[in-house]
Amino acid sequence: MMGLTLKKDYVEFFTNNRSEFQDNLLNEAKNVRNKIEEIQFIGNIDLLNNAHKLVMYALIGNKDELDMFAEKEGISWASHSLTLAFKLEWVQAIRRTIWRFLQRYDQENPINEPNNFYELERQINETIDQFLNTFFLSYSEYKDQLIEEQRTLVENLSVPIIPITSKVCVLPLIGHIDMSRSSTIEEKVLLEISKLRIGTLVIDLSGIAEMEPEVIEHMMRIIEGANMMGCECVITGLRPEIVRKVTKLGLTFEHKANTKATLQQALEDYFVS
């Protein structure tokens, strides 16, 4: 490893020339240069200060602290959807600027042994590569977590089961229902019936203008599953187009669910009374 004295000299050199290093770095990373203030504003990320930290980690070789720093950076960039291309350009610009200043240091201090260069080259490049690997891994993992949370939120919003009483709930469905959403409805309905001990579930379809035959059949199975769990289903707001498709398929709600013309009528029967 590099001698402690040499490490100290490098750290002192980069610290004393920090302002000049930053100017050179900004000239090197032209695309990022114009985004410094924007990134600071969006994500509260101080690129110049973080660049100095990375330089110090590269010179000192503290891998544990480097990993924590890279993980935090990855989360920050992922949570604010900052462009990865800017990050990659910025870090590679830091790498090039470090070597430019090290060359200047050697020119000003020609007594350094040549063997130190090879060790220094390995340490700095491995440190920066480690930073990038940890950063991208942290970014990817946190991004996947955010996507999963957003997916769950969308699913919950697309299947909004609303408690009316301790035993009566309403499921108002709006928009297009395909097989994917139908499967989500099935999962959420059966889970909530068990969780909330729902006795009566009012499924309002007044917001559904179109429903494919396979979806209708799947909805029938959802109702049957709810019945098996001791939950009575009430269907409201059936439009003529859907009714015609149900009858054409030879299906019927008889013995599976009660039907009411409107949600208001169902609530009057199951809530007001």
Side-chain angles (χ1 to χ4, degrees), residues 1-2 7-106 117-154:
M1 296 295 291
M2 289 185 299
K7 281 187 180 182
K8 183 179 178 181
D9 290 342
Y10 283 141
V11 169
E12 183 177 350
F13 175 75
F14 276 87
T15 301
N16 292 338
N17 293 279
R18 180 172 177 173
S19 179
E20 187 178 351
F21 180 91
Q22 291 178 349
D23 290 340
N24 277 257
L25 176 58
L26 290 174
N27 288 330
E28 186 72 29
K30 296 180 180 178
N31 291 324
V32 183
R33 180 176 58 197
N34 298 325
K35 297 287 184 178
I36 292 285
E37 293 183 1
E38 180 181 339
I39 292 173
Q40 173 83 48
F41 177 77
I42 294 174
N44 193 28
I45 299 171
D46 189 338
L47 283 180
L48 290 174
N49 185 53
N50 288 347
H52 180 72
K53 288 182 180 179
L54 181 56
V55 171
M56 292 299 103
Y57 288 131
L59 295 173
I60 298 172
N62 192 324
K63 292 188 176 183
D64 290 336
E65 290 188 13
L66 174 74
D67 282 339
M68 289 189 293
F69 173 58
E71 287 174 5
K72 183 178 178 180
E73 281 281 277
I75 292 173
S76 294
W77 280 70
S79 61
H80 295 95
S81 298
L82 295 171
T83 306
L84 285 178
F86 285 138
K87 186 64 173 182
L88 183 59
E89 178 184 346
W90 183 245
V91 174
Q92 298 298 12
I94 292 173
R95 189 199 302 264
R96 292 192 296 271
T97 308
I98 287 176
W99 284 114
R100 187 177 300 117
F101 269 69
L102 285 173
Q103 181 181 19
R104 174 177 153 185
Y105 177 89
D106 285 341
F117 170 82
Y118 299 103
E119 186 176 350
L120 183 62
E121 187 275 338
R122 178 188 58 79
Q123 176 176 309
I124 289 178
N125 286 329
E126 284 184 359
T127 299
I128 293 178
D129 289 342
Q130 179 185 344
F131 172 84
L132 284 173
N133 289 337
T134 305
F135 169 85
F136 283 121
L137 181 61
S138 175
Y139 180 98
S140 177
E141 289 178 348
Y142 192 74
K143 202 69 173 177
D144 289 344
Q145 180 183 333
L146 289 178
I147 292 172
E148 179 61 25
E149 290 174 353
Q150 290 170 358
R151 184 189 67 82
T152 301
L153 176 60
V154 170

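Since the structure is predicted, the reported quantities are computational estimates derived from the model, not experimental observations.
Scanning both residues, Ser76 and Ile45, for their nearest heavy atoms gives CB-CD1, 3.8 Å. The two residues Tyr142 and Ala78 come nearest to each other via the heavy atoms CD2-CB, 3.8 Å. Between Asp106 and Tyr10, the shortest heavy-atom contact is OD1-OH, 4.1 Å. Scanning all heavy atoms of the two residues, the minimum distance from Arg95 to Asn125 falls at NH1-OD1, 3.1 Å.
For the atom pair NZ of Lys35 and CG of Leu47, the computed distance is 12.0 Å after rounding to the nearest 0.5 Å.
In this structure Asp46 satisfies the side-chain hydrogen bond (donor to acceptor under 3.5 Å, both in side chains) test with no other residue, sequence neighbours excluded. Residues meeting the ring-ring contact (aromatic ring centres under 6.0 Å, His included) test with Phe86, sequence neighbours left out: none. The side-chain hydrogen bond (donor to acceptor under 3.5 Å, both in side chains) check on Asp144 picks up nothing, with sequence neighbours excluded.
Between Arg104 and Glu20 a salt bridge is recorded (basic side-chain N to carboxylate O distance below 4.0 Å). Looking at Asp129 and Arg122, no side-chain N of the basic residue comes within less than 4.0 Å of a carboxylate O on the acidic one, giving no salt bridge.
Between the side chain of Ser140 and the backbone N or O of Phe136, no donor-acceptor pair lies under 3.5 Å. Under a 3.5 Å cut-off, the side chain of Glu28 and the backbone N or O of Ile94 do not form any donor-acceptor pair.
The closest side-chain donor-acceptor pair between Thr97 and Asn24, if any, does not fall under 3.5 angstrom. Gln103 and Arg100 are not linked by any side-chain donor-acceptor pair at a separation below 3.5 angstrom, with hydrogens and angles left out of the test.
Aromatic ring centres of Phe69 and Tyr57 lie closer together than 6.0 Å.
Using a 30° and 60° split on the angle between ring planes, Phe101 and Phe21 fall in the perpendicular class, above 60°.
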